[in-house]
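Okay, so here's the structure we're looking at.
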There are 2 protein chains.
Amino acid sequence: MSLLNPKKELEREALITNLLKEKGLSITAPRKLILGLLLKEHGPFSAEEILHSLPKNSCDQATIYRCLNQFVEVQLVNTSFLEKDMAHFEYNDPHHHHHHIICRICKKIESFHECLMEKIETNLQRKGYKDIQHRLEFFAVCETCAKG
Amino acid sequence: MSLLNPKKELEREALITNLLKEKGLSITAPRKLILGLLLKEHGPFSAEEILHSLPKNSCDQATIYRCLNQFVEVQLVNTSFLEKDMAHFEYNDPHHHHHHIICRICKKIESFHECLMEKIETNLQRKGYKDIQHRLEFFAVCETCAKG
DNA sequence: ACTATTTTTGCAAATTACTTGCAAATCAAA
DNA sequence: TTTGATTTGCAAGTAATTTGCAAAAATAGT
Ligand SMILES: [Mn+2]
Ligand SMILES: [Mn+2]
Ligand SMILES: [Zn+2]
Ligand SMILES: [Zn+2]
């Protein structure tokens, strides 16, 4: 694939490197592989999916978890708990803020690029979704912790 | 506590029994204990917290998980994934729809009885929260699964 | 480039929330 | 009651995620 468009590939490489540098993370092969994958194929992936999408033996499972946790810590990646026994990870592109809907039965995931609940639920109903529930959680640093 | 107001206690008992019946669940001691706790003390609890809040040896850990899963299935209880390694459970009162904010650092949980994101974030800022993020996930049955 | 210091990785073993098999206890309907 | 179906407790199992440690790679200074 990189052979088809060497210029674009170099751009991507530079982007990945810059993102890591901006966040104060050193540039390593596993980190470039994982972040590169999340940039190219976007959508929430489980650690296992990431492991199997990368070239065989290019990166250990433990390394994937460690890198993903670091990415989440610096808010380069977001975590979803769409399925209760497994976290999903996705590149946190500040210009493409969105949310997800997962079917309770088949687990198919779709994206929503709007951010108003009533609108979203109406759209979901139009799309044929039934028995819609949502869960909205905020994460922040509280006043006490911000001072201490 | 039940000694202080036997009438209220009977009402609560009846409420619990009714809720279970409405959802087609049989009335058992563990189910009454767990649902009773979630009704009395409201707020998201982990399975472990529930286990330790109940009278010693009144209910096994496995039973707690089994009951909670059944409650979630019939939408009597909601699940939150406020902390990544542990689910939290809360009574799903349709008349008190709300959401939560957890501090990234001290893990303190507060509730929000509004349901519009901009309003909520503004309120959070006023309350002194910093570095606010939110995560909104929808769960539903997709058109294909609703037909099949 | 080379070296020293720090950080990260791979591997294998550990952790832990959660689940499950099964026999005994409990529940619901008659 | 009786009886058949459901649920529970206990103990063992499962699976996602984490961790200890020695080797490998990255960074900073020369
Ligand atoms: Mn997405
Ligand atoms: Mn609550
Ligand atoms: Zn579906
Ligand atoms: Zn705090």
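So that the names make sense, note that chain A is the first sequence line, chain B the second, and so on, each numbered from 1.
Centroid-to-centroid, the aromatic rings of H95(B) and H97(B) stay 6.0 Å apart or farther.
The separation between I34(B) atom CD1 and dT8(D) atom C1' is 11 Å, rounded to whole Å. Summarising the geometry, the separation between CD1 on I64(B) and P on dG9(D) is reported as 9 Å, rounded to the nearest angstrom. When rounded to the nearest whole Å, the span between CZ of R31(A) and P of dT27(D) equals 9 Å. Rounded to an integer number of Å, the gap from K21(B) NZ to dT6(D) P is 18 Å. In this structure, the CZ atom of F89(B) is 9 Å from the C1' atom of dC18(C), given to the nearest Å. One atom, CG of L51(B), and another, P of dA17(C), lie 12 Å apart when rounded to the nearest Å. Residue F81(B) contributes atom CZ, which lies 13 Å from atom C1' of dA16(D) at whole-angstrom precision. Rounded to an integer number of Å, the gap from CE of M86(A) to C1' of dC18(C) is 15 Å.
At a threshold of 4.0 angstrom between heavy atoms, the contacts of Q61(B) include nucleobase atoms, whether or not backbone atoms are also involved.
Between dC11(C), dC10(D), dT19(C), one nucleotide has an atom nearer to the side chain of D60(B) than all others, and that is dC10(D). The side chain of I27(A) lies closest to dT27(D), out of dT19(C), dT27(D), dA28(C).
Each of L25(B) and A87(A) lies near DNA chain D, and the nucleotide nearest L25(B) is the one positioned closer to the 5' end. For H88(B) and C59(A), each mapped to the nucleotide of DNA chain C holding its nearest heavy atom, the one lying further toward the 5' end belongs to C59(A).
Here K23(B) does not pair with E73(B) in a salt bridge; the nearest charged N to carboxylate O distance is not below 4.0 Å.
At the phosphate of dC18(C), OP1 or OP2 sits under 4.0 Å from a side-chain N or O atom of Y65(B). The phosphate of dT8(C) (OP1 or OP2) has no side-chain N or O of R66(A) nearer than 4.0 angstrom. Contact annotation: N69(A) does not reach the phosphate of dT17(D) (side-chain N/O to OP1 or OP2, under 4.0 Å). Proximity of K84(B) to the phosphate of dT18(D): a side-chain N or O atom is located under 4.0 Å from OP1 or OP2. T63(B) has a side-chain polar atom (N or O) that falls below the 4.0 Å cut-off from OP1 or OP2 of dG9(D). The phosphate of dT9(C) (OP1 or OP2) has a side-chain N or O of T28(A) nearer than 4.0 angstrom.
With F112(A) as the aromatic partner, K127(A) meets the cation-pi criteria of under 6.0 angstrom to the ring centre and within 45 degrees of the ring axis.
In this structure the side chain of L82(A) never reaches within 4.5 angstrom of the side chain of K107(A), judged on heavy atoms.
The heavy-atom pair separating S58(A) from P55(A) by the smallest distance is OG-O, 2.7 Å.
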